[in-house]
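Given the structure is predicted, the values throughout are model-derived calculations rather than measurements. Sequence lines set the chain letters: A, B, ... in the order given, protein chains first and strands last, and positions in each chain run from 1.
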Protein chains: 2
Amino acid sequence: MKNYSKYPKYLVAVDCIIFGYDIQKKILKLLLVKRSFEPAKGSWSLAGGFVKEKESLDEAASRILRKLTGISNVYMTQSLTYGDTDRDPGARVISTAYYALTGISAIDYELVKDNGAHWRSVDDLPKLIFDHPRMVKKALADLQNLVKVKPVGFELLPEKFTLVQLQELYEAIYQKRIDKRNFRKKILSMGILEKLEEKEKETSKKGAWYYMFNEERYLKLDRNGFSFNLDVS
Amino acid sequence: MKNYSKYPKYLVAVDCIIFGYDIQKKILKLLLVKRSFEPAKGSWSLAGGFVKEKESLDEAASRILRKLTGISNVYMTQSLTYGDTDRDPGARVISTAYYALTGISAIDYELVKDNGAHWRSVDDLPKLIFDHPRMVKKALADLQNLVKVKPVGFELLPEKFTLVQLQELYEAIYQKRIDKRNFRKKILSMGILEKLEEKEKETSKKGAWYYMFNEERYLKLDRNGFSFNLDVS
DNA sequence: TATTTTAAGTGTATTTAATACATTTATTCT
DNA sequence: AGAATAAATGTATTAAATACACTTAAAATA
């Protein structure tokens, strides 16, 4: 090995698994696009794109998300990098997957529509191109593990939410029912939620108190050795 | 976007964080190399290399590990991909980190020496090039989380090991003392260890019974919903 | 051959966390 | 005034985590 010049170079892309939670329908969704270029033009795909010369992988992923949805400052984290030689029939492309968590309501609906993107329930996905099904499967598994040990579920909800809504979110992610009293006992005992003096009155006559996630409080507890854990029955 | 031809291409590399456990000294080590080419020739570095045209990322990582140590069939798993524009001063290089778990004794010592590689204790590492310190830090954190929930610690031990040795391994990874009786109670109650009719007699007069990890048994339990968990006091 | 030395091996009580489970409350609508 | 609806609440039971100290097997030595 003398220098770098004799080594091959490849196209490098990022693909974004954009999770959104539909608080009305209580289902977890993915934002998918119809591919606008060959190969596989017109097929369903994750939002993706090639990495530019002057941006990092993280920046490329943020750019792609922003272009599609109009939002930045979103929880986004790197998943695996896919590098099989034949994963893209057009050329050798190394692609790093990222997954993002966002509230569907926060998103610019017109922009999404103009980009030909659509929200699809995670348990009713269309056929996806290439190895995108693998990417989705992996990201979903990662998400299920992540929400158990980090308070990232809140990223999928509006700023104000009720305990019923929070529980429904966890039920949608875990795909199982949770006991109401145990769930509330556990999450409230952590001391990272703040009760507001305001009720959500759409879904019941009595109304349900709104809560907010107190991030500073969580970070402080975390520094003192507290571990978020919401692995409930 | 019409086709792929107008997008930039980059060098793609893999870097391997090779963990080894020194059963005598009871410390976790990393296999490091002195870089043989510019830039940063002669500096300490992770074992790495560029991805060839006809190999996947996983294959590249395996090849690099095999070339350095002589071993294959090692536990190896992908970590993060590092893609900051200026991470390598020589050129833009996107690098995917992998970490491997191996018993130091299993490794071809001559080959390692010929390659200019050295085992270094994780808590006494030399200055590493580029973003390799970040890679190591991340891999160590991943390892600490992984050994709690998957029986991969055994990959760092010889096939036959004593319960004392197993406990010492966990103590080296977690960097804390563990209660002997609680550790043994927990690991034995899982039913994934097999007691042999043979004792290790080097370190004590009484001798300590050898055990083996029974992988088939673990896989069967795992399929039936059992979760490995070794998060002990 | 009795005694010392060394590390391995063992059990229980206590504390804490997880689970299972049903009724009351606030409000609106009729 | 009564019915309807979803939100809110507490306790007893079970299971898991923790804290803790003495006995045993074998070799070495006196």
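Rounded to whole Å, the distance from CG on A/Leu230 to P on C/dA17 is 15 Å.
The stretch residues 161-170 of chain B comes close to DNA chain C through B/Val164, each having a heavy atom under 4.0 Å from the strand.
A 6.0 Å sphere centred on CG of A/Asn73 holds no more than 12 heavy atoms belonging to other residues, nucleotides or ligands. Summarising the local packing, OH of B/Tyr109 is surrounded by 12 or fewer heavy atoms from other residues, nucleotides or ligands at distances under 6.0 Å. No more than 12 heavy atoms of other residues, nucleotides or ligands shown are found within 6.0 angstrom of NZ on A/Lys150. The local environment of NZ in A/Lys199 is crowded, with over 12 non-hydrogen atoms from other residues, nucleotides or ligands closer than 6.0 Å.
The two residues A/Lys206 and A/Lys201 make their nearest non-hydrogen contact at O-NZ, 4.0 Å.
In this structure, the side-chain hydrogen bond (donor to acceptor under 3.5 Å, both in side chains) partners of B/Tyr98, at least two apart in sequence or on a different chain, are B/Asp58, B/Gln78.
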Query raised in the report: Can you give one letter per nucleotide of nucleotides 19-29 of chain C, going 5' to 3': B for a protein heavy atom under 4.0 Å from the base, S for sugar-phosphate only, - for none?
Result: BBBB--BBBB-
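For the ring pair (Phe, Tyr, Trp, His ring centres under 6.0 Å) condition, the pairs that include at least one residue of residues 131-160 of chain B, sequence neighbours left out, are B/Phe154-B/Phe161, B/Phe154-B/Phe213.
Of the candidates A/Asp15, A/Asp131, A/Thr81, A/Asp84, A/Ser95 forms a side chain to side chain donor-acceptor pair (under 3.5 Å) with just one, namely A/Asp15.
Contact footprint of chain B on DNA chain D: nucleotides with an atom under 4.0 Å from a non-hydrogen protein atom, first to last in 5' to 3' order, D/dA17 to D/dA27.
Side chain of B/Asn145 to backbone of B/Ala141: a donor-acceptor contact under 3.5 angstrom is found. Between the side chain of A/Arg134 and the backbone N or O of A/Lys138, no donor-acceptor pair lies under 3.5 Å.
At least one side-chain heavy atom of A/Trp119 sits under 4.5 Å from a side-chain heavy atom of A/Ile18.
Within the helix from C/dT1-D/dA30 to C/dT30-D/dA1, the inter-axis angle between the opening and closing five-pair segments is 10°, rounded to 10°.
Under the 30°/60° scheme for interplanar angles, the aromatic rings of A/Tyr170 and A/Phe183 are found to be tilted.
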